[in-house]
2 protein chains.
Amino acid sequence: MGLSADATPPRLHSAQAITLLREHEITPTPQRVAIARILLARAQHLSADQLLEAVNRSEPRVSKATVYNTLGLFLRKGLVRAVVVDPAKVFYDSNTRFHHHFYDIKSGTLTDIEETEIGMPALPNLPNGSIVESVEIIVRLRSRFTQ
Amino acid sequence: MGLSADATPPRLHSAQAITLLREHEITPTPQRVAIARILLARAQHLSADQLLEAVNRSEPRVSKATVYNTLGLFLRKGLVRAVVVDPAKVFYDSNTRFHHHFYDIKSGTLTDIEETEIGMPALPNLPNGSIVESVEIIVRLRSRFTQ
DNA sequence: AGACTGCTTAGACAAAGTCTAGAAATGTCA
DNA sequence: TGACATTTCTAGACTTTGTCTAAGCAGTCT
Ligand SMILES: [Mn+2]
Ligand SMILES: [Mn+2]
Ligand SMILES: [Zn+2]
Ligand SMILES: [Zn+2]
């Protein structure tokens, strides 16, 4: 047991991925299916670059532009959500339930906090004419024994 | 009354800025004072680029590298804090009280939510051996009449 | 003066993400 | 089937934020 990345990360069967895409009114092209099979296999947080790498370990090859296009499409269709917590890159989150995050500063790892695990505070009055798009709580953590 | 940026944003007097820096054990060089006079004049959220522009509207000229170096130093010394909400750039926040933010998606504007205006969320158990570095609530807003 | 320190600087560099223009695939219909 | 339109994919140029390096500059000490 080491620290290396998953050699064979879980994947959806193509049929499952295609069904998911169709349910969200997305034409299931081979590239989109390949991306969905990995990203949507379980609740996880992947950067565009991590996803590009993972997808291109097997066929079909997918370009960087298509990965970004597809992530944008999945976002608009509600299949994933974006987590902005690291100034250097966006994480794409396949957990679409309303939830929050621990962020381990040192390792750069996100961990979900489900809605039931946290007491949601009441919001103050909103600026006039605005509506809430999302509420995110981010708890940054650092290791107790690291200075 | 227009939408243009402040022609003459408020500035601290040099003596005030120097005192602030000394209180935080920062050697008050001319460049650091120039940056502090603008950034610390009031509670605000500026990107590195906005600050670079504002500082260089008058003497002394400050290089990009020095702006980033100084922001890093101010962060470590607790004079400002970083707000990560826009994947494209970090905002530096001169309000160092514990507080949260509204983020207007369209305009890219941050507005403070003071601690007294919102309840502190009850946190779940932390992963073992970790301590809380910060807790941030970000409420993303969009205009009611914009599609 | 010479040596040492801390600070600033230009500009090269890195990395994430966007954009463009053309190629390829897919669909429609005569 | 072939002609044409529409959608999707792609390489690679480009933009932007931010980091790094190596040299210069300004004090301080002896
Ligand atoms: Mn970016
Ligand atoms: Mn960046
Ligand atoms: Zn999540
Ligand atoms: Zn603030």
Side-chain angles (χ1 to χ4, degrees), chain A residues 17-18 21-22 24-39 45-56 58-77 79-93 105 108 110, chain B residues 17-18 21-22 24-39 45-56 58-77 79-93 105 108 110:
Chain A
I18 289 170
L21 295 184
R22 289 234 165 86
H24 288 80
E25 299 182 304
I26 295 171
T27 308
T29 67
Q31 290 84 355
R32 289 168 182 172
V33 171
I35 290 170
R37 289 187 62 191
I38 292 174
L39 180 56
H45 310 94
L46 295 179
S47 67
D49 195 64
Q50 288 174 324
L51 187 58
L52 178 66
E53 280 228 336
V55 166
N56 283 332
S58 52
E59 299 297 310
R61 285 309 139 93
V62 181
S63 71
K64 182 175 69 154
T66 295
V67 167
Y68 278 104
N69 288 343
T70 302
L71 286 171
L73 182 63
F74 285 12
L75 276 175
R76 288 196 308 280
K77 299 294 191 177
L79 270 170
V80 299
R81 84 182 228 210
V83 182
V84 180
V85 70
D86 178 335
K89 56 186 180 297
V90 171
F91 286 104
Y92 295 86
D93 189 344
I105 294 170
L110 282 166
Chain B
I18 290 171
L21 296 185
R22 289 232 165 87
H24 287 79
E25 298 180 307
I26 295 171
T27 307
T29 67
Q31 289 84 355
R32 289 169 182 172
V33 171
I35 289 170
R37 289 186 63 191
I38 292 174
L39 181 57
H45 311 95
L46 294 180
S47 68
D49 195 63
Q50 289 174 324
L51 187 57
L52 179 65
E53 280 229 337
V55 166
N56 283 331
S58 52
E59 299 297 309
R61 286 307 140 93
V62 181
S63 71
K64 183 176 67 155
T66 295
V67 167
Y68 278 104
N69 287 344
T70 301
L71 286 171
L73 182 62
F74 284 11
L75 276 176
R76 289 197 307 281
K77 298 295 190 174
L79 271 170
V80 299
R81 83 183 230 212
V83 182
V84 181
V85 284
D86 179 335
K89 58 185 179 294
V90 171
F91 285 103
Y92 294 87
D93 189 344
I105 294 170
L110 282 166

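In the text below, chain A, chain B and the rest are named by the order of the sequence lines, each starting its count at 1.
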Grab the [atom1]-[atom2] distance between [X] and [N] for me, whole Å please.
X      : N       : atom1 : atom2 : value
R32(A) : dA25(C) : CZ    : P     : 16 Å
I26(B) : dT8(C)  : CD1   : C1'   : 16 Å
D86(A) : dG17(C) : CG    : P     : 9 Å
E25(A) : dT7(D)  : CD    : P     : 15 Å
N56(B) : dT8(C)  : CG    : P     : 13 Å
D49(A) : dA15(C) : CG    : C1'   : 9 Å
F91(A) : dA16(C) : CZ    : C1'   : 13 Å
L52(A) : dG17(C) : CG    : C1'   : 12 Å

side-chain N/O T27(B) vs dG6(C) OP1/OP2, d < 4.0 Å: no
Q31(A) side-chain N/O to dA25(C) phosphate OP1/OP2 under 4.0 Å: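 It does not, given that no N or O in the side chain of Q31(A) lies less than 4.0 Å from OP1 or OP2 of dA25(C).
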Spacing of CG belonging to D49(A) relative to OH belonging to Y68(A), to within rounding of 0.5 Å: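 Here the rounded value is 7.0 Å.
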Spatial distance of atom CZ (R76(B)) from atom CD1 (I26(B)) [nearest 0.5 Å]: 8.5 Å
Is there side-chain contact between [X] and [Y], with heavy atoms separated by less than 4.5 Å?
X      : Y      : result
L71(A) : V67(A) : yes
Y92(A) : L51(A) : no
T70(B) : Q31(B) : no

Any donor-acceptor N/O pair, R32(A) side chain to T27(A) backbone, under 3.5 Å: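 At least one qualifying donor-acceptor pair exists.
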Minimum heavy-atom distance between H24(B) and K77(B), given as atom pair plus value: CD2-O, 3.3 Å
Non-hydrogen atoms of L52(B) and V62(B) that approach each other most closely: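 Taking every non-hydrogen atom into account, CD1-O, 3.5 Å.
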Dot-bracket pairing map - DNA chain D, Watson-Crick plus G-U, both contacts under 3.5 Å, | cross-strand: ||||||||||||||||||||||||||||||
Nucleotide nearest K89(A) when distance is taken to its side chain, options dT10(D), dG17(C), dT8(C): dG17(C)
Within residues 61-77 of chain B: residues closer than 4.0 Å to DNA chain D (heavy atoms):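 Heavy-atom contacts with DNA chain D come from K64(B), A65(B), Y68(B).
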Residue pair L79(B), L21(B): steps toward the side-chain contact (heavy atoms from CB on, under 4.5 Å) verdict: CA-CA 8 Å; L79(B) 271 170; L21(B) 296 185; 3.8 Å; yes
